[in-house]
Amino acid sequence: MTADVNRGNRPRSPHLSIYRPHILMVSSILIRITGNGSTVGMLLVLWWMLAAAAGPETYAAHSEWLFGWWLAYIVWFGVIWALWYHMLGGIRHLIWDEAIGLELETAEKLGWTIVAGSVLGAVLTSVLLLIF
Amino acid sequence: MSTSDRPSFQTDRKRATGKGSLAKGAEHQLEVTYSSYAMATVVVLFLFCVAPLVGAPYETVVEGLTRPFNFVIMGLFVVSTTYHWRSNIRKVFEDYVPHGFDFAGMIITYLLGWFFCGLGLFALVKILIASMIAG
């Protein structure tokens with residue numbers, strides 16, 4: 001059985017010009033943005049692995065691009081933050097799937113928690129990676 | 001007694017099969033949910049066990065990635081990340097891309113997901129084999 005829905009005429013999300021931004025909306029949109037950021041991270045990790053698989057000379061040459069300049073530090077920090085945010089946001093989604101924390105006040109607190117938790121997690125991870 | 005009055009012995013999941021705008025039931029939602037549980041575990045292990053190797057000298061990377069625990073975590077990271085990616089990117093196409101292009105985009109990202117997964121596993125196995133040959 002097929003559904004009688006005309007997919008071509010469906011409205012598109014997220015109607016940014018209609019709703020005023022609030023923490024639940026912004027934190028939800030950020031999950032998609034950080035999902036794309038994590039995609040960049042996934043591609044960078046693949047690049048790093050392929051360079052390592054190609055041998056020491058290739059690895060050394062590609063390391064210059066991947067880690068050897070100031071912009072790389074900013075990109076890697078962004079990727080780490082995106083990973084943390086996307087993971088915490090995903091955990092929030094799994095909690096909501098169990099019909100827990102759906103009250104407005106609790107949901108808003110969860111929104112701020114993932115924002116704060118992701119920044120804290122990203123800073124801690126980056127510091128640990130720089131030390132070790 | 002009409003059909004709708006009879007008690008159903010089917011599970012909720014079975015009753016949802018074939019419903020929805022894509023006639024896919026809860027299948028996609030379950031794909032995303034299962035891969036989310038996998039990612040929540042694997043990403044943390046990746047960040048604290050394998051991520052310190054990213055950017056390390058070549059010998060350290062090879063030695064670190066070929067340790068059994070790191071090797072398994074890295075493999076699971078590659079598989080779960082690419083699987084989760086291709087499941088979720090579909091929502092982005094459905095929500096933001098005009099009809100027609102979204103279908104093409106979904107097919108391309110589905111194939112790319114498998115390609116990236118294969119590429120990552122290939123690199124991982126090649127590093128292991130090179131390490132074994134080097135002794």
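Letters A, B, ... are given to chains in the order of the sequence lines, protein chains preceding strands, and every chain is numbered from 1. FYI, side chains are in, hydrogens and waters are out, and symmetry mates aren't considered; it's all heavy atoms of this structure.
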Below 4.5 Å from any heavy atom of chain A, which atoms of B:Val61 appear? Answer side chain, backbone, both or neither. side chain
Rounded to the nearest 0.5 Å, the CE atom of A:Met42 sits from the OG1 atom of B:Thr82 at a distance of 6.5 Å
Could you look at B:Leu124 and say if it's the side chain, the backbone, both or neither that has a heavy atom under 4.5 Å from chain A? both
Between A:Met49 and chain B, with a heavy-atom cut-off of 4.5 Å, which part of the residue counts as in contact: side chain, backbone, both or neither? both
Atom group of B:Ala51 that falls short of 4.5 Å from chain A, counting heavy atoms: both
Between A:Leu130 and chain B, with a heavy-atom cut-off of 4.5 Å, which part of the residue counts as in contact: side chain, backbone, both or neither? neither
Tightest non-hydrogen contact, residues A:Ala53 and B:Ala123, listed as CB-O, 3.6 Å
If I measure from the heavy atoms of chain B, does A:Ser63 come under 4.5 Å with its side chain, its backbone, both, or neither? neither
Using every non-hydrogen atom in the two residues, find where A:Leu46 and B:Leu119 come nearest and quote the distance to one decimal. CD2-C, 4.3 Å
Would you compute the distance between atom CD1 of B:Ile127 and atom OH of A:Tyr59 and round it to the nearest 0.5 angstrom? 9.0 Å
Hydrophobic clustering (ILVMFWY, side-chain heavy atoms < 4.5 Å, transitive) - are B:Tyr34 and B:Val42 grouped together? no
Within residues 100-116 of chain A, contacts to chain B at heavy-atom distances under 4.5 Å involve none
Can you tell me how far CG of B:Leu47 sits from CG of A:Leu128, rounded to the nearest 0.5 angstrom? 10.5 Å
Check the hydrophobic clustering (I, L, V, M, F, W, Y; side-chain heavy atoms under 4.5 Å; chains of links allowed) and say if B:Met74 and B:Val44 are grouped together. yes
Got a second to check how far A:Ser38's OG is from B:Met39's CE, nearest 0.5 Å? 7.0 Å
If I measure from the heavy atoms of chain B, does A:Leu43 come under 4.5 Å with its side chain, its backbone, both, or neither? side chain
Might you point out which heavy atoms bring B:Phe46 and A:Val45 nearest each other, and give the distance in Å? CZ-CG2, 4.2 Å
Specify which of A:Ala54, A:Gly35, A:Gly55 makes the most heavy-atom pairs with chain B at under 4.5 Å. A:Gly55
Indicate yes or no: at least one non-hydrogen side-chain atom of A:Thr39 is less than 4.5 angstrom from one of B:Thr81. no
Inspect the surroundings of CH2 in A:Trp65 and state if more than 12 heavy atoms from other residues, nucleotides or ligands are less than 6.0 Å away. no
Side chain from CB out, backbone as N, CA, C, O: work out which of these in B:Ile89 comes under 4.5 Å of a heavy atom of chain A, or both, or neither. side chain
Options A:Leu66, A:Leu129, A:Thr125, A:Leu94, ranked by heavy-atom pairs under 4.5 Å with chain B, top entry: A:Leu94
For the residue pair B:Val54 and A:Trp76, what are the closest heavy atoms and their distance? CG1-CH2, 3.8 Å
Should A:Leu83 and A:Leu120 be counted in the same cluster of Ile, Leu, Val, Met, Phe, Trp and Tyr side chains packed under 4.5 Å apart? no
Structural part of A:Ile91 lying under 4.5 Å from a heavy atom of chain B: side chain
Sort out for me which of A:Gly121, A:Gly90, A:Pro56 touches chain B most, counting heavy-atom pairs under 4.5 Å. A:Pro56
Examine whether an atom of B:Tyr37 lies under 4.5 Å from a heavy atom of chain A, and if so say whether it belongs to the side chain, the backbone or both; otherwise answer neither. both
When only pairs under 4.5 Å are counted, which of B:Asn88, B:Leu53, B:Leu128 shares the most heavy-atom pairs with chain A? B:Leu53
Should A:Phe77 and A:Trp48 be counted in the same cluster of Ile, Leu, Val, Met, Phe, Trp and Tyr side chains packed under 4.5 Å apart? yes
Please round to the nearest 0.5 Å and tell me the distance separating atom CZ of B:Phe48 and atom CG of A:Leu124. 7.5 Å
Which bit of A:Ala60 comes within less than 4.5 Å of chain B, counting heavy atoms only: side chain, backbone, both or neither? neither
Transitive ILVMFWY side-chain link B:Leu30 to A:Ile95, under 4.5 Å: no
